[in-house]
Structure formats: C-alpha cells, structure tokens
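Worksheet for the structure shown next.
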There are 2 protein chains.
Amino acid sequence: MANIRDVAKKAGVSVATVSRVVNKNGYVKKSTLEKVNKAISELNYSPNAIAVSLNNKKTKTLGLILPDITNPFFPELAKAVEEVANQNGYTMILCNSNGLLEKEMEHIEMLERKYADGIILASDSYTEERLKGTDLPMVLLDRGVNPNHSSITANNFSGAVMATKHLLKQGCKKIAHIAGPKNVLTAVDRLKGYQSVVRDSNWYDGDLIIHANYNTKEAITATKKLLEMDSSIDGIFASNDLIAIGCLKAIRSIGWKVPDDIAVIGFDGISLTDLIIPQLSTIKQPVYEMGEAATKLLINEIEVGKKESLFKEFDVTLIHRESTDKRGEINE
Amino acid sequence: MANIRDVAKKAGVSVATVSRVVNKNGYVKKSTLEKVNKAISELNYSPNAIAVSLNNKKTKTLGLILPDITNPFFPELAKAVEEVANQNGYTMILCNSNGLLEKEMEHIEMLERKYADGIILASDSYTEERLKGTDLPMVLLDRGVNPNHSSITANNFSGAVMATKHLLKQGCKKIAHIAGPKNVLTAVDRLKGYQSVVRDSNWYDGDLIIHANYNTKEAITATKKLLEMDSSIDGIFASNDLIAIGCLKAIRSIGWKVPDDIAVIGFDGISLTDLIIPQLSTIKQPVYEMGEAATKLLINEIEVGKKESLFKEFDVTLIHRESTDKRGEINE
DNA sequence: AGAAAACATGTAACCGGTTACAGAAAAGGA
DNA sequence: TCCTTTTCTGTAACCGGTTACATGTTTTCT
C-alpha cells in the first residue's frame, strides 16, 4: 500500500505538502493541490491510521465492556453504541467480562494500551476504587451517580413501582418478587421499588422475596420453591425478563395457568418477551436510546472534554401483555 | 504514561536493552535484566501498542462483520470469536452491516486502514468480485466453497433433510416450507434439502414453498397466507427459528394447535427455541464451535500464513421438542 | 595463551505520519 | 519602489517502539 512518501514523490512535492492536502490545513497552491490529489487517487492512497494515531494519541476507537453479549439485553445496546460510534467515525471494540472483575480490569488495561479513546462500561461487579488508575474517558451504564464518571441508567425504582402497582391493579392479592443478585445495583433498586409499594400491605412478608441470578435456570427453581412455600401467591414481579421467563416455565410445569392463576411481569423489555407465549408483560427500558446517549456522551467527553460528571436517568414504560392480563383488557 | 525512554533512563541502559527485556529476545545480563524489570514495574510501564503496530504492521485486532448483532443467531457467534481472539491476545472489532453491501465494504476498508490483522465476514450479500481488492486474511461464514477465502459452514442441506424427514416420521401428511430470501445461500441450501425429500411425494406442489425474510414479522403473514391457501397442511419446516416463531404465532392466532393440528420445526437452534411455549423443535447449528473454528482458522492464517483455502462444514443436529411432538415421544 | 564463539549493550535508522520552523515567493500598502 | 503581510513549500524533529549492525566483553576450547 502506498504511503505518504510515495505520493510526495509522484506529485513532486514534500510529504508536508501532501499531509496538508490530506488534512486540508495550512496553505496549498491550487495547482499543487491538484497534482497531489491526482497522485493520491492514482496510488489509491489513504493515510495509515496507526501512524496517525501514534502522533495524536487518538485511535477513533471505543471500547464497550459488557458482562455477556449472549444475554439478550445487550445486543441492542451494542448495536446502538456501534451505530453512533460509526456515525462519528469511531469503531467499537467489544469485550465480554462474564461479570468478572478480573476480566473487566484486563480489558480496561488492554484498551488503554491500544490507545482506545474511551470506554463504555456496563458492569455488575465494578467497584469504584478499582477504576481509579484509569484516566480514559469512561461512561458507566447502570451504575448510579458517581463523582468520577458520567453514567446512564434507567429508572429502576420507579419501574419496579409501576410493575408492582400494575399487578395490584390487575387484582393480584399476594405478590412475590424474584430479585436479582444482591450485589447488583439495578436489582437492588427494583427490589426497593417493589418493597415501597407492598411494604404496608397486610399480606406482606419478607419470605415473598427470593434471590436468583439474572437467568432462566435459577429462576425456575426459585419459582417452584416460592409456590411450594406459599400457594396463595397470585402475582410475581421478576427482576428481569429472563427470570420472568423462568417463572413462566416453572408455573407451566406445575400446571398453573398464566395469568388466571398467577400473573407475571418482568423487567427490561427484551424482544423475547413479545415472542413467547403467553406474551410477557414487562417494564421496558429504552435500551437503544440509552446506548445512544452513552456513546454521544462519551464522544463528547473525548472531543470537547469533560467539565463535570453527568448522571442521566431514562424513564421506563409499562408494557401490558397477556401474562398479567387477568381482566381481559387486551383485545388481540 | 511512561515510555521506553523513561524506563531506559531510570535503569541506566539504552532503549534497545529495554526492548530486549520486554520482548525476551537477544542477550541480556541477569543483573541488567533485574535493573530494567525494576524500572519497568516502578514506572508501571507497558509498551505502547500503537508504536509496536507501526513497526510490525500487526495490531492484534480482528474484525467481525455481521448483518445484525440484534439477530439472536449472532451473539453466540460473536462471543465465540471474542473469546478465542482474547485467548490468543487479539481484540475484536464488531461491525454491523445491516445486510448492506455498501456497509460491508466500508467496514472492510476501515479495518484495512486501521490495520486489522484479519476479518471474519458473516454476510448474506457479499459477492466475490467486490472483495478482490482486499488482501487481508479473511474467513467467511456461511458462504460456501471459494477459491480465495477459507470458509465455515453448517451442513444446511442435510439439516433440511433431517428436519423434513422428522416431520414425516411424526406423521405429517403435507409439509410446507417457509424459505428464506432467494439470494441467501443458507436459505437456498435448506430449500434444496426440503425439496430433495418431498419432491416425489404425491402431495408435493411448488405452492407449498413461500419465501420470507429471516424475521418473525414477515413469517406471520406468510404462514397465514399459506394456511388460507391450503388448510390441509399439517407440518411446516421453517428456514430459521425466527421464521418458525412467526409460524407459531400465526398458527395460534387462527386457533390451531401445535403440534396436534400442525407441527413446526425451525433451523439454527437459537436459545429462544427452548424458552418459548411450545418449545420449538429445530436443527441446531454448533454456532459457538463455528465461531471458534473460524477464529482459529483466521488466526492461523495470520500467524503462520495460508497455503490453501479451507472449507469446513459442520454437522447439525435435530432437537426434537414439543412443536413437532405429535406422537408424544417426549416425556417431560 | 590465543583464537573463536557466545554474550552484552549501545547507536541509529526505520515504521508512516504530523507539525514547528524557516525561507522563498507572491500580494498588498504607502 | 520598498516594506510588510500573506501565501506556499520544504526540512527535520517527533510520536514510541524494533532491530540491524557495530563494538566490546566473557567464555570456551585447543
């Protein structure tokens, strides 16, 4: 591949002039410009991005670190990040941390060595102290307010409130909550939202809360355990959609009917919820918008610098579908 | 961040010596090595990957271009690629082409400029001629044999045969096929597999084949059309799982029962098939293994060079679940 | 002991760009 | 016309590494 010296030679000018033409800065006589452009197109020259990066310490590369792209919540996020990045001339490196702090740190170090310009970190496990070594621009997803980094979140608390109230409105008399892991911020907020609604009900009992990881398998066991313990439960608010799907499977396996015997609502709004039967009610996060906002925020920090950490919280919306439709409000 | 000259100065040696220590090549006296290592750890030095790349023209970066990470088939592939890449010290750039040739070419050019070491291309739309400008190592997914590039495929034809025969064995008397787009290779192979089994049946008719894109929405319309046209159809082989899910929804909306009135089988084996109700029978591709193989092949081509193009075809497996279980073979 | 081989380290060119600086040419102003 | 300003272009240092080559020091072997 042709380099800048080849072009300079062919055009009969110096490399500096070629550089000026390519970057459209400095003075260049019209006739020279034409000569250079001719040489450029004849040699099919385009500047070596590595060499450029070595100079300006910018690679036009963003890192996206997430627990697991295989978790259906993340592909849409990744897509948003990639698209916005591309629109701004950036490229996206995808890293799976499997939720491991170690992996996260490895990835961050790698991205630093490779001179990534910034990082979007969607992490369960991150603790602030571990990050302080890094001075790369970084935007956090789902991490809550934080003095050093901007962050993007959905309103998990109010979403949980909506979900729980929705179950009540549908006529549920005893609502259980399958919560996510105790150390995950979003799970904690959703749990708090649930509690804030039901705490003062006469049927409320701490045993109605059971913890599970954000996946289907564990949710099945948890649900069975829950319903064995108390068969008067007629509503479940699951901390995310994958858990909710686990509920649905467990419920079906013991022969109960959804939503008549028991209503189920999830959280996240992954597309799967629309594909399963019965269709799952859920609290939808504007995932794409969140990824978009995170990326724009990051790019802005990279390009114009950061004044202060921003904390942006997105509203969630209730999607009412079959799995909670005890009152037949949905007409297909 | 400290650079090699800082380390050299601190250790009282030349940069060449530091480089030798870092890369463990050439001769270095034990005492010198210790001095240098001390300086390295004190300064927390790690070599600038950009500068290294500028020298050896290798970035330890792979590009993965795929139509849409949002399509549930791809996250697992992406994960495999990322994991294998990481294990070998590579990093993965993810690119969505949205199935557009233009976008694909843009991404390839960008990856070239950024000195990616190789590309894994999972493409529907690619045509050989467009690619000939590139001399980057490249492995193709789902593209069939090809003189210039190695490729990884699943055995789509034999999978389609398995699916169709499975429906027959379950007692289906008239099997329709919802095929994927005509210009997509995998879709064509699957169609051929279907035809090879049913061609000579007395009930066979070209109208039993209908085309749809690889998504749920179109599949719903297609299914309804199909069943309106011929209500004696009692089995559908869908060209992929997303289409199959569309079938399920359409069938349900007209009040038929799966699998009693009609059996449905998909293709791909995405995890969704296990989560929906009824659980979907499908032909499972070993997606992770395919991504793994593609990445290993690519890295091998990058590091040891390529002798010839390899064409590796993976076997698929039938997963028999509720959606085709007309004979009650499955005991839960 | 002397020569050859192995070990140890530094100098400087190079990868492919950008850019500060300097000098020359053209344009503008008095 | 002469001086100042603006335009134009080239030289060379620099970004942060790697490595060929030269040179010097030890070891090893006869």
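These numbers come from a predicted model, not from an experiment.
Every pair tested for salt bridge (Lys or Arg N to Asp or Glu O under 4.0 Å) that includes a residue from residues 15-26 of chain B fails, sequence neighbours excluded, so the list is empty. Within the structure, every pair that satisfies the side chain to side chain donor-acceptor pair (under 3.5 Å) test and touches residues 3-12 of chain B, not counting sequence neighbours, is listed here: B:Lys10-B:Glu42. The salt bridge (Lys or Arg N to Asp or Glu O under 4.0 Å) contacts involving residues 51-62 of chain A comprise A:Lys60-A:Glu303, where partners must be two or more places apart or lie in separate chains. Identified under the side chain to side chain donor-acceptor pair (under 3.5 Å) test for residues 26-37 of chain A, with sequence neighbours left out: none.
Applying the side-chain contact (heavy atoms from CB on, under 4.5 Å) criterion to B:Ala51, with sequence neighbours excluded, gives A:Leu54, B:Asn48. Looking at residues two or more places apart in sequence or on another chain, you find a side-chain contact (heavy atoms from CB on, under 4.5 Å) between B:Val52 and B:Pro47, B:Asn56. In this structure, the side-chain contact (heavy atoms from CB on, under 4.5 Å) partners of B:Ser14, at least two apart in sequence or on a different chain, are B:Ala16, B:Thr17. In this view, A:Lys312 satisfies the salt bridge (Lys or Arg N to Asp or Glu O under 4.0 Å) rule with no residue, not counting sequence neighbours. Annotation: side chain to side chain donor-acceptor pair (under 3.5 Å) contacts of B:Ser19 (sequence neighbours excluded): B:Asn23.
The nearest heavy atom of DNA chain C to B:Lys30 and to A:Asn3 marks one nucleotide each, and the one closer to the 5' end goes with B:Lys30. With the nearest nucleotide of DNA chain C identified for both B:Gly26 and B:Tyr115, B:Gly26 has the one nearer the 5' end.
Atoms CG (B:Asn55) and C1' (C:dA13) sit 11 Å apart, rounded to a whole Å. For the pair B:Arg20 CZ and D:dC21 P, the computed distance is 14 Å after rounding to whole Å. For the pair A:Leu54 CG and C:dC15 P, the interatomic distance rounds to 14 Å; values are reported in whole Å. Between the NZ atom of A:Lys29 and the C1' atom of C:dA26 there is a distance of 9 Å, given to the nearest Å. For B:Tyr27 and D:dT27, the OH to C1' distance is 12 Å, given to the nearest whole Å. Straight-line distance from the NZ atom of A:Lys24 to the P atom of C:dT18: 13 Å, rounded to whole Å. Taking atom CZ of B:Arg113 as the reference point, atom P of C:dG17 lies 12 Å away to the nearest angstrom. Rounded to whole angstrom, the span from the CG atom of B:Asn25 across to the P atom of D:dG17 amounts to 15 Å.
The pair B:Arg113-B:Glu109 does not meet the salt-bridge criterion, since no charged nitrogen lies less than 4.0 angstrom from a carboxylate oxygen.
Judged by distance alone, the side chains of B:Asn86 and A:His107 do bring a donor and an acceptor atom under 3.5 Å apart. Defined by atom type and a distance below 3.5 Å, a donor-acceptor pair is present between the side-chain atoms of B:Thr186 and B:Tyr214.
Each end of the helix from C:dA1-D:dT30 to C:dA30-D:dT1 gets its own axis, taken as the rotation carrying the C1' atoms of four end pairs onto the next four within a five-pair window, and the two axes meet at 40° to the nearest 10 degrees.
Here A:Ser19 does not reach the OP1 or OP2 of C:dT19: none of its side-chain N or O atoms lies under 4.0 Å away.
Residues from residues 36-53 of chain B lying near DNA chain C, meaning a heavy-atom separation below 4.0 Å, are absent. Proximity of residues 4-18 of chain B to DNA chain C (heavy atom under 4.0 angstrom from any strand atom) is restricted to B:Gly12, B:Val13, B:Ser14, B:Ala16, B:Thr17.
In this structure, A:Asn23 reaches the sugar-phosphate backbone alone: every heavy-atom distance under 4.0 Å involves primed, P, OP1 or OP2 atoms, never a base.
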